[in-house]
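Report on the structure given below.
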Amino acid sequence: MIRLEEHIKIATAEAIVELYESEVDPNNIQVQATRKDLTGDFTLVVFPLLKISKKNPVLTGEEIGKKLTEKIQEIDSFEVVKGFLNLNLKAAFWVNYLNSILTSEKYGQKCADENAPLVMVEYSSPNTNKPLHLGHIRNNLLGFSVSQLLKATGKNVKMVNLVNDRGIHICKSMLAWQKWGEGATPESTGKKGDRLVGDYYVLFEKALQQQIGELIEQGTDKETAVKNAPLLVEAQNMLRKWEAGDDIVIDLWKNMNAWVYKGFDKTYADLGIWFDKIYYESETYKLGKNLVVKGLEDGVLYQKDDGSVWADLRDDGLDEKLLLRSDGTSVYMTQDLGTAHQRYSDSAFENHVYVVGNEQIYHFKVLSIVLKKLGYEWADLLFHLSYGMVELPEGKMKSREGKVVDADDLIREMVESAAEVSNELGKLDNFSDDEKNTIFKQIALGALKYFILKVDPVKTMLFDPKESIDFNGNTGPFIQYTYVRIQSVLRKAREQGIEIPIQLDSSTDVSEKEISLIRKLYEYPDLLNEAGNQYSPALIANYLYDLVKEFNQFYQHHQIIKEDNATKRAFRLALSNFVAKNINDGMSILGIEMPERM
RNA sequence: GGCCCCAUAGUUCAAGGGAUAGAACAGAAGUUUCCUAAACUUCAGAUUCAGGUUCGAGUCCUGGUGGGGCUACCA
């Protein structure tokens, strides 16, 4: 169905030719939804046309309004307010619009076939040395949601994860376990695997700091102490052994990683997210090394006297960037070069989105430039979707100071408070414990996900653990609740044998509130598109909130199944049903499940 | 020092260069013989500052202030 704004733009361009004998590109004509507090459906902004009409805004608006009313049958009347031409449509237009979308399977969405462009989305990218925290939650939710959003706009999406399973930091927790672990396992301690390994990392850092302190006390200067502390040297040795494939080190590494993955899998499952493929740094860093060596041979990179390999980015306004250490081991950048190359070989993508925090903007800038230098044109297809940090009231989360909000703890606490609120309301008293627990989880995660996703990704956001996430107001549960109410009405209608129509009578008498609800629905296809272009689930979240608010007002003031007039009743049922469907579609892009009752 | 990002009610968030800057929470006051009151209705309250571009600026440009990030042989 063609959008009416397009009609209006084209008709306006025609009107301008007829009235003022001047050609205007319809795309330059501004048509927007009329402000909510004024009467009208669409508004034509006439200011930009004054240069052409050489008349005052009111007169210009009147003249164009008259022409448009003649040209477009859907227009009922118009009104010029200041420089704005407000167009009032016939109610039948909106009823017909609803009618035309009523049976659409995926309203506003584009379905991807095999020929649709492939977008790779990397998100999560955890380190195996610490459990997931609130920052990762933002990453995971954003990455998953953006993936769903891109799917809804007609892309084939491959969700990938990159596990940081190698490097000096991993050796630190391994070493600590070896020294002080006394054979502890997740089974023997009852701790989640990622938590257990994380604890050894913390232990290592503490011991290392202490050691450094002692060295300084004994008269070593600070720089040397930090560089040469025995524990650190030991960890570095271990990393070299790891890269050399030492059996004992590799065995230990495999063992501990397996614990961590099991723990991560649980957290991912709780969050309701997954990946199509998982890449491991341990498998790609060598590819990166090869690329670097080749770049060195080709003279694109250079080697310093100590053997370290660098890229010179000074011509690009950046600095020199280390790609291989003097001892030949790789850094983060090295493996990311390899990973990117691997992925493009796996499947040539149209676009590769990295969902990674904004503290790595520099890293991804360098990544693209270095790949380009190495001769890979597809470096231009990489896009860093950088998002802001999640801060606590006292500032940034700091793992080392224990100032983190653990992901598992947070999810558990959310479920607990959802249960508390729900039990207080007592609406689920007749349900089994299993059913209740499912619903508590849906509500808890709905609240958490919506809370995080409604915020514009680029912005730093604040999370106050003391003021736990709300279930009232602009929240996930508010949206879920509206959905549940609609389901309840529909259920009752079915029980009474009232059918939900798929065809509407265009002469149905509809109220202003009903029209504004359809108007809201009308916005969705464009909004979805825009959200996809901007990689912003926040736009979807805000749309859903507006829609639901609109519906609740309608619900408050209109009866649905109790309406006596059968035509009106049918219309309201169809409208409610469609709103519920739209809520469900939108929320599933946010990765939020809908309960049927709550 | 250099580069990048952010700044809107007491608080947390909205607002594709367009009209009187929207919500929510917190605060004050209402609405259940009626399809789920996790709702609805009132009230009160904000664009960091100074310039500029424009018919029109929260939005674009320049500068200042404030906050954050990056600038590692960490990731």
What side-chain donor-acceptor pairs closer than 3.5 Å can you find for residues 38-53 of chain A, not counting sequence neighbours?
unit_1, atom_1, unit_2, atom_2, d
Thr39(A), OG1, Glu79(A), OE1, 3.4
Asp41(A), OD1, Trp94(A), NE1, 3.1
Asp41(A), OD1, Arg519(A), NE, 2.7
Asp41(A), OD1, Arg519(A), NH2, 2.7
Asp41(A), OD2, Leu89(A), N, 2.6
Thr43(A), OG1, Thr34(A), OG1, 2.8
Thr43(A), OG1, Asn86(A), OD1, 2.7
Ser53(A), OG, Lys55(A), N, 3.2
Ser53(A), OG, Thr60(A), OG1, 2.9

Rounded distance (nearest 0.5 Å) linking atom CG of Leu547(A) with atom CG of Leu517(A):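 Result: 6.0 Å between the selected atoms.
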If you round to the nearest 0.5 Å, how far is SG of Cys171(A) from CG of Leu232(A)?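 Between atom CG of Leu232(A) and atom SG of Cys171(A) there are 10.5 Å.
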If the condition is salt bridge (charged side-chain N to carboxylate O under 4.0 Å, His left out), which residues does Glu530(A) pass it with, not counting sequence neighbours?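 Scan of Glu530(A) (salt bridge (charged side-chain N to carboxylate O under 4.0 Å, His left out), adjacent residues dropped) gives none.
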If I take atom [atom1] in residue [X] and atom [atom2] in nucleotide [N], what distance separates them, rounded to the nearest angstrom?
| X | N | atom1 | atom2 | value |
| --- | --- | --- | --- | --- |
| Tyr362(A) | G68(B) | OH | C1' | 19 Å |
| Phe551(A) | C40(B) | CZ | P | 12 Å |
| His363(A) | U71(B) | NE2 | P | 11 Å |
| Leu44(A) | G56(B) | CG | P | 19 Å |
| Phe471(A) | A37(B) | CZ | C1' | 17 Å |
| Asp165(A) | A75(B) | CG | P | 13 Å |
| His136(A) | A75(B) | NE2 | P | 15 Å |
| Glu391(A) | G67(B) | CD | C1' | 9 Å |

Between the protein and nucleotides 43-46 of chain B, list every N/O to N/O distance that falls short of 3.5 Å.
none

Quick check on RNA chain B: between Val484(A) and Val455(A), whose nearest nucleotide comes earlier from the 5' end?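 So the residue in question is Val455(A).
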Verify the distance criterion only: is there a donor paired with an acceptor across the side chains of [X] and [Y] at less than 3.5 Å?
| X | Y | answer |
| --- | --- | --- |
| Glu435(A) | Thr438(A) | no |
| Ser282(A) | Asp165(A) | yes |
| Asn139(A) | Tyr387(A) | yes |
| Ser124(A) | Asn140(A) | yes |

With a 6.0 Å cut-off on the ring centroids, do Tyr332(A) and His363(A) count as close?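 Between His363(A) and Tyr332(A), which both carry aromatic rings, the centre distance is below 6.0 Å.
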Determine whether the aromatic ring centres of residues Tyr535(A) and Phe383(A) are separated by less than 6.0 angstrom.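 When the ring centroids of Phe383(A) and Tyr535(A) are compared, they turn out to be within the sub-6.0 Å range.
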Would you classify Val309(A) as touching base, sugar-phosphate or nothing, given that sugar-phosphate means primed atoms plus P, OP1 and OP2, and contacts are heavy atoms under 4.0 Å?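 No contact at all - Val309(A) keeps every heavy atom at 4.0 Å or more from the nucleic acid.
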Measure all distances between protein nitrogen or oxygen atoms and nitrogen or oxygen atoms of nucleotides 58-62 of chain B, and list the pairs falling under 3.5 Å.
none

Side-chain donor/acceptor of Asn127(A) to backbone N/O of Lys130(A), under 3.5 Å: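 Checking the backbone N and O of Lys130(A) against the side chain of Asn127(A), no donor-acceptor pair under 3.5 Å is found.
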Anything under 3.5 Å between a protein N or O and an N or O of nucleotides 2-4 of chain B, put it in a table, one pair a line.
none

With a 4.5 Å limit on heavy-atom distance, are the side chains of Phe471(A) and Ser417(A) in contact?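 They are in side-chain contact.
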Strictly below 4.0 Å: does [X] bring a side-chain N or O up to OP1 or OP2 of [N]?
| X | N | value |
| --- | --- | --- |
| Gln553(A) | U41(B) | yes |
| Lys396(A) | G67(B) | no |
| Lys321(A) | U71(B) | no |
| Asn552(A) | A39(B) | no |
| Arg491(A) | U36(B) | no |
| Lys130(A) | A75(B) | no |

Lys/Arg-Asp/Glu bridge criterion (N-O < 4.0 Å) met for [X], [Y]:
| X | Y | result |
| --- | --- | --- |
| Asp526(A) | Arg3(A) | yes |
| Glu523(A) | Lys520(A) | yes |
| Glu234(A) | Lys172(A) | no |

Could you list all N or O pairs between the protein and nucleotides 17-22 of chain B that sit under 3.5 Å apart?
unit_1, atom_1, unit_2, atom_2, d
G18(B), N7, Gln30(A), OE1, 2.9
A19(B), N6, Thr43(A), OG1, 2.9
A19(B), N6, Asn86(A), OD1, 3.2
A19(B), N1, Asn86(A), OD1, 3.3
A19(B), N1, Asn86(A), ND2, 3.4
U20(B), OP1, Lys82(A), NZ, 3.2
U20(B), O2', Arg35(A), NH2, 3.0

Letter per nucleotide, 5' to 3', of nucleotides 30-35 of chain B [B base touched, S only sugar-phosphate touched, - untouched; heavy atoms, 4.0 Å]: ----SB
Any stems for RNA chain B, made of 3 or more Watson-Crick or G-U pairs in a row, each with both distances under 3.5 Å?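 Stems (3+ consecutive pairs) listed as B:1-7 with B:65-71, B:10-13 with B:22-25, B:27-31 with B:39-43, B:48-52 with B:60-64.
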Could you list all the salt bridge (Lys or Arg N to Asp or Glu O under 4.0 Å) pairs where at least one residue sits in residues 322-335 of chain A, not counting sequence neighbours?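 Found Arg240(A)-Asp327(A).
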Residue pairs, two or more places apart or on separate chains, that pass salt bridge (Lys or Arg N to Asp or Glu O under 4.0 Å) and touch residues 25-38 of chain A: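 Matches after skipping sequence neighbours: Arg35(A)-Asp37(A), Lys36(A)-Glu550(A).
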Could you give the side-chain donor-acceptor pairs of residues 478-488 of chain A under 3.5 Å, partners two or more places apart or in another chain?
unit_1, atom_1, unit_2, atom_2, d
Gln480(A), NE2, Gln442(A), O, 3.1
Gln480(A), NE2, Glu593(A), O, 2.9
Tyr481(A), OH, Arg485(A), NE, 3.4
Thr482(A), OG1, Phe478(A), O, 2.9
Thr482(A), OG1, Asn552(A), ND2, 3.3
Tyr483(A), OH, Glu596(A), OE2, 3.3
Arg485(A), NH1, Asn552(A), OD1, 2.9

Heavy atoms within less than 4.0 Å of RNA chain B: which residues of residues 333-340 of chain A have one? Give them sorted by number.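 Those residues: none at all.
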Kindly confirm or rule out a cation-pi arrangement of Lys321(A) over Trp310(A), judged by NZ or CZ under 6.0 Å from the six-membered ring centre and within 45° of its axis?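 No, a cation-pi geometry is absent between Lys321(A) and Trp310(A).
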Is the NZ or CZ atom of Arg166(A) positioned over Tyr280(A)'s six-membered ring, under 6.0 angstrom from the centre and within 45° of the axis?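 So Arg166(A) doesn't make the cation-pi contact.
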Does Lys241(A), at its NZ atom, have more than 12 non-hydrogen atoms belonging to other residues, nucleotides or ligands within less than 6.0 Å?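 For Lys241(A), atom NZ is not crowded (no more than 12 foreign heavy atoms under 6.0 Å).
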Residue Lys304(A) excluded, over 12 heavy atoms near NZ under 6.0 Å: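 Yes, enclosed.
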Same-atom distance (P) from U59(B) to A19(B), integer angstrom: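 It works out to 13 Å between them.
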Can you figure out which of C25(B), A75(B), A14(B) approaches the side chain of Asp470(A) most closely?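 The answer is C25(B), which lies nearest to the side chain.
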